[in-house]
Enquirer: 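My questions will all concern the structure given below.
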Amino acid sequence: MLAEPKSANSPDISESIVQPSDNFKTSIQSLIQCLDCQCENVLSLQRIASQFNFYKRRLYDVINVYESIGICKKLSVDSLLWIGFSNVLPTLERLVRKERIFEKDYNIDNLSIEETSITISNLTHKFLLLFSALHQTSIDIKQCSKFLSKKNDKFKTILCKLYQITYILESSNIIVKSQKPGEVILNKEYFIENQKIYIHPLLSIDALLNNSENEIDFYEKRRKYFSYETMSEKQKYFTMLCRETFSSPMIL
DNA sequence: ACATCCCGCCAGGCG
DNA sequence: CGCCTGGCGGGATGT
């Protein structure tokens, strides 16, 4: 009756050691494969868990991530509406708009987490928003954790969760892990950038130059701020030294 | 030694 | 009160 057992389906008797998912990733992928062709579908959680060999606890993680990016919606205790991956981009766009990420004076500190309790869906949002906020398709998970945890002391927890989230997103082909340890890359199709960056034909050359310069400028500032905030104290110290020595505006 | 991920305890919520 | 949910982070495993 516990939360963890596999709901025995057919492999009846001799299951000395219960071990649902031989592989978490496999479960996720077969789930996707099976469901994403047939949109708008109501399903039973119990059913999903047993059909795709999920530990119940893990399924909650997947569903939380999926729900937060619009792939599905929990309807009741045991029923789930499957919406599909086509809803991911619209959901992300809505998020970005709501957060006003592209406002020039947007402060990316808004993304860091103050609450003591870190929910998967919240974290998923912040993580994905960061790509747009920094206007780059790759992010280092550790840096990300450091940044998001600057207003609380949950670095380890956030890191652990980010590993989980990225694991799920990777299994779902939304991100890719690069060779560089800790670095994840958002797939192009899910990367939301500011449309305004694609120039207005009507603007004068000057205005145009200024404009795009500003745009680039403030993304660059955010990135610098992000990496600075994310350094160890030692690194910060050296950065300062170098800045004084060479009077160059904050390298790296 | 560090990066990554597994695992399941247990508190809080809900019916 | 029992079951569902999911935050949490120790620690095993991988490289």
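Keep in mind that the numbers below use all heavy atoms, side chains included, and drop hydrogens, waters and symmetry copies.
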Enquirer: Identify whether any heavy atom of A:I141 sits under 4.0 Å from a base atom; if not, whether one sits that close to sugar-phosphate; answer base, sugar-phosphate or nothing.
Expert: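 Result for A:I141 = nothing.
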Enquirer: Out of A:Y106, A:F218, A:F226, A:F191, which one pairs with A:H135 under the ring-ring contact (aromatic ring centres under 6.0 Å, His included) rule?
Expert: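 Passing option: A:F191.
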Enquirer: Rounded to the nearest Å, what distance is computed from the OH atom of residue A:Y55 to the P atom of nucleotide B:dC5?
Expert: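 Nearest whole value for this atom pair: 17 Å.
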Enquirer: If I take atom CG in residue A:L159 and atom C1' in nucleotide B:dC5, what distance separates them, rounded to the nearest angstrom?
Expert: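 That distance rounds to 11 Å.
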Enquirer: Give a yes/no answer on whether the side chain of A:K154 brings an N or O atom under 4.0 Å of OP1 or OP2 in C:dG9.
Expert: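 It does, given that an N or O in the side chain of A:K154 lies less than 4.0 Å from OP1 or OP2 of C:dG9.
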Enquirer: From the set B:dC6, C:dG7, C:dT5, return the single nucleotide nearest to any side-chain atom of A:K74.
Expert: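 Selected nucleotide: C:dT5.
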Enquirer: Using a heavy-atom cut-off of under 4.0 Å over every strand shown, decide if A:K177 touches base, sugar-phosphate, or nothing.
Expert: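 Sugar-phosphate: the residue A:K177, judged by heavy atoms under 4.0 Å, touches backbone atoms but no base.
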Enquirer: Looking for any heavy atom pair under 4.0 Å, which part of the strands does A:K25 touch: base, sugar-phosphate only, or nothing?
Expert: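 No contact.
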Enquirer: To the nearest angstrom, how far is A:D78 atom CG from C:dC4 atom P?
Expert: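 Going from A:D78 (CG) to C:dC4 (P), I get 9 Å.
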Enquirer: If you apply the rule side-chain hydrogen bond (donor to acceptor under 3.5 Å, both in side chains), what do you find for A:E183 with A:S178, and how did you get there?
Expert: CA-CA 6 Å; A:E183 186 181 67; A:S178 83; 2.7 Å; yes
Enquirer: Measure from CD on A:E67 to C1' on C:dT5 and round the result to the nearest Å.
Expert: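 Rounding to the nearest Å, CD of A:E67 and C1' of C:dT5 are 13 Å apart.
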Enquirer: Under 3.5 Å, is there any donor-acceptor pair linking the side chain of A:R58 to the base of C:dG6?
Expert: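 Not at all, since no donor on one side and acceptor on the other fall under 3.5 Å apart.
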Enquirer: In whole angstrom, give the distance that lies between atom CG of A:L169 and atom P of B:dT4.
Expert: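 Value for this atom pair: 15 Å.
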Enquirer: Which part of the nucleic acid, if any, lies within contact of A:S76, taking any heavy atom under 4.0 Å across all strands shown: a base, the sugar-phosphate backbone alone, or nothing?
Expert: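 If one applies the 4.0 Å heavy-atom cut-off, A:S76 turns out to touch nothing in the nucleic acid.
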Enquirer: Are any of the side-chain nitrogens in A:D140 or A:K180 under 4.0 Å away from the carboxylate oxygens of its partner?
Expert: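 Result for this pair is no, no salt bridge flagged.
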Enquirer: To the nearest Å, how far apart are A:Y60 OH and B:dC6 C1'?
Expert: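 Result: 18 Å.
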Enquirer: To the nearest angstrom, how far is A:I165 atom CD1 from C:dC8 atom P?
Expert: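 To the nearest whole Å, that distance equals 12 Å.
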Enquirer: Please check: side-chain N/O of A:Q136 versus main-chain N/O of A:S138, any donor-acceptor pairing under 3.5 Å?
Expert: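 Checked: pair present.
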Enquirer: Judged by each residue's nearest nucleotide on DNA chain B, which is more toward the 5′ side, A:K142 or A:Q164?
Expert: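 Per heavy-atom nearest nucleotide, the more 5' residue is A:K142.
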Enquirer: Between A:Y163 and B:dT4, does any side-chain N or O lie under 4.0 Å from OP1 or OP2?
Expert: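 For B:dT4, OP1/OP2 do have a side-chain N/O of A:Y163 under 4.0 Å.
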Enquirer: What's the closest nucleotide to the side chain of A:K156 if the choices are C:dG6, B:dC6, C:dG9?
Expert: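 Of all the options, the side chain of A:K156 is nearest to C:dG9.
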Enquirer: A:N64 has an atom CG; how far is it from atom P of C:dC8, in whole Å?
Expert: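 The answer, rounded to whole Å, is 13 Å.
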Enquirer: Counting side-chain heavy atoms from CB outward, which of C:dT5, B:dA3, C:dC8 is closest to A:R57?
Expert: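 Looking only at heavy atoms from C-beta outward on A:R57, the closest nucleotide is C:dC8.
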Enquirer: Assign the ring pair A:W82 / A:F85 to parallel, tilted or perpendicular, where the plane angle (0 to 90°) is split at 30° and 60°.
Expert: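 Ring orientation, 0 to 90° scale: tilted.
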Enquirer: Under 4.0 angstrom, heavy atoms only, what part of the nucleic acid is A:D61 near: base, sugar-phosphate, or nothing?
Expert: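 Touches nothing.
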